[in-house]
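Because only heavy atoms are used, hydrogens play no part in the values below, and waters and symmetry mates are left out as well, while side chains stay in. Bear in mind that the values here come from a model prediction, so they are computed numbers and not experimental data.
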Amino acid sequence: MGDVTLDGITKRYDDVVAVDDVNIHIEDGEFVTLVGPSGCGKSTTLEIVAGLTNPSGGTVTIADRDVTRLPPKDRDISMVFQNIALFPHMNVRKNISFGLRLRDFDSEETERRVQRAAEILQLEGMLDRMPDELSGGQQQRVGIGRAIVREPEVFLMDEPLANLDAKLRVHMRTELQRLHDELETTILYVTHDQAEAMTMSDRIAVLNHGELQQFAPPLVCYNEPANEFVAGFIGSPSMNFLEGEMGGERVETPHFSVGVDPAAVDVGADGPVTVGIRPEDIYLRQTAATVEQPTDAVEATVDVLEPMGDEIFVYLLLGDAADDGGPTVEGADEASARSDQLLMSVEPDVRLESGERVEVVLDRDRVHLFDTGGDARAHGVAEGSEAPTEVNADGGEGR
Ligand code: ADP
């Protein structure tokens, strides 16, 4: 059984805490992705599971065996790295079987495994080719083939698609999912790309500064982010955040207010909160008929339009911000950090012009509230929205 447990895993480098008391249990056959910004401790965590780095504290269990002190070769894992180094003077067959030949597998068994890997990876016609006769995607598949023939309990993959061009990366995401379906082997995958994490994984573990922020299925992280960090990191473009003040049954932001159903919000003292709303949950007032519990209309000025083909990103300025001069938008992250801007997405056929005054509404069922420490207090503030359950970062329900 290829389940993997990280229990209290910590890694310190002098004064840097690269991984800070991470607890994760990965089920046998699950596809789990470690995701977070550069430097958050993803690779270090993977290296600790692989046995390439010793933890400063905590234990790693693979298939019910404590492997914390075992060398990589005794852990029943295979790794796929970002930089696949194929041997240029060996053909595909020899490249794939290299590790088996080192381990003195008999030639019949080696050939059986190579054929199976080639079939799964659609490399059957290419076994006699040399690496320089392959495209980047094909070379990457050979690298994965090398890992497959080991038939491990667990695959560890560190940004294996990072060096591929954008189109091929998207294609390889599908291939990896298919591979996972066929092999039914546990995969622990590392990427900084939240879209990659969202599309492939059964569950994602979001890390920041070495700490686990949330460990849950992708859509749970998207719809019920445990905190402001996860809310901002998962989803592109990012969620809008506005400073707010909770009082009575309303949250006041500098430019508009949102009615709050007391049953929907984990009631705490009135005071400062952060309001979060995703671009797709803001509507032009005239198209908001489908929104059951909208906010009052919010006046805004269209600043910048970004037509994406299938949708248009509309950067809105709230209140008097529009009088400050020309376009102020520098990108989604800049916009999301300011309380006088909102980023909205609209259907591609909507006609808007820069400078136009519009009225928008927010879907109150999709408004998130975060307390001053960043923890989620509500996902939906309308009647019928449920207050968030207290969830530990490792996915268990707590308190
Ligand atoms: P990620 O993979 O998320 O980009 P890493 O796991 O590589 O992050 O690194 C996490 C933190 O640990 C970073 O601050 C990094 O600088 C630090 N770090 C990683 N390896 C070492 C090392 N060998 N020596 C000192 N600091 C390190």
Side-chain angles (χ1 to χ4, degrees), residues 214 216-235 237-300 311 313-314 316 318-319 335-336 338-347 350 358-391 397 399:
Q214 188 165 14
L219 286 180
V220 173
C221 292
Y222 189 85
N223 292 319
E224 298 165 42
N227 58 38
E228 209 174 314
F229 176 80
V230 176
F233 187 77
I234 300 294
S238 177
M239 186 183 280
N240 296 281
F241 294 111
L242 303 130
E243 296 155 17
E245 188 78 18
M246 179 101 139
E249 294 185 10
R250 296 199 85 74
V251 174
E252 301 288 338
T253 78
H255 297 290
F256 62 92
S257 83
V258 182
V260 169
D261 185 80
V265 180
D266 181 18
V267 273
D270 289 348
V273 287
T274 300
V275 175
I277 183 83
R278 292 200 184 274
E280 70 267 26
D281 299 323
I282 305 174
Y283 296 79
L284 288 169
R285 193 177 173 194
Q286 61 269 31
T287 62
T290 52
V291 183
E292 283 180 13
Q293 303 194 61
T295 57
D296 296 339
V298 179
E299 288 199 7
E311 60 185 333
F313 296 143
V314 184
L316 299 169
L318 301 174
S336 66
R338 296 182 47 170
S339 281
D340 57 359
Q341 297 186 344
L342 274 182
L343 171 57
M344 164 173 82
S345 73
V346 297
E347 296 290 319
V350 173
V358 290
E359 286 188 331
V360 300
V361 297
L362 283 55
D363 182 351
R364 288 168 59 232
D365 201 29
R366 305 282 299 167
V367 166
H368 305 263
L369 297 181
F370 303 95
D371 66 22
T372 45
D375 288 337
R377 254 177 79 178
H379 304 299
V381 299
E383 195 180 333
S385 306
E386 280 182 28
T389 335
E390 189 72 26
V391 172
E397 291 190 5
R399 270 213 281 208

If you draw a 6.0 Å radius around [atom1] in [X], do more than 12 non-hydrogen atoms from other residues or ligands fall strictly inside?
X: Glu359; atom1: CD; value: yes
X: Gln286; atom1: CD; value: yes
X: Glu311; atom1: CD; value: yes

So which atom in [X] and which in [Y] form the shortest heavy-atom distance, rounded to 0.1 Å?
X: Asn240; Y: Leu343; answer: OD1-N, 2.7 Å
X: Arg364; Y: Val258; answer: CG-CG1, 4.1 Å
X: Asp365; Y: Ala382; answer: N-CB, 3.9 Å
X: Gly244; Y: Val251; answer: CA-CG1, 4.1 Å
X: Tyr283; Y: Ala288; answer: CB-CB, 3.9 Å
X: His379; Y: Pro225; answer: CE1-O, 2.9 Å

Under 3.5 Å donor-acceptor, Gln293 side chain and Glu383 backbone: yes
May I ask you to test the [X]-[Y] pair for a side-chain heavy-atom distance under 4.5 Å?
X: Val265; Y: Met246; answer: yes
X: Val314; Y: Ile282; answer: no
X: Glu249; Y: Pro262; answer: yes
X: Pro237; Y: Phe313; answer: yes
X: Arg366; Y: Asn223; answer: yes
X: Leu242; Y: His255; answer: no
X: Pro272; Y: Glu245; answer: yes
X: Leu369; Y: Val275; answer: yes

To the nearest 0.5 angstrom, please state how far the CE atom of Met344 sits from the CG atom of Leu316. 4.5 Å
Apply salt bridge (charged side-chain N to carboxylate O under 4.0 Å, His left out) to Asp363 and list each qualifying residue two or more places apart in sequence or on a separate chain. none
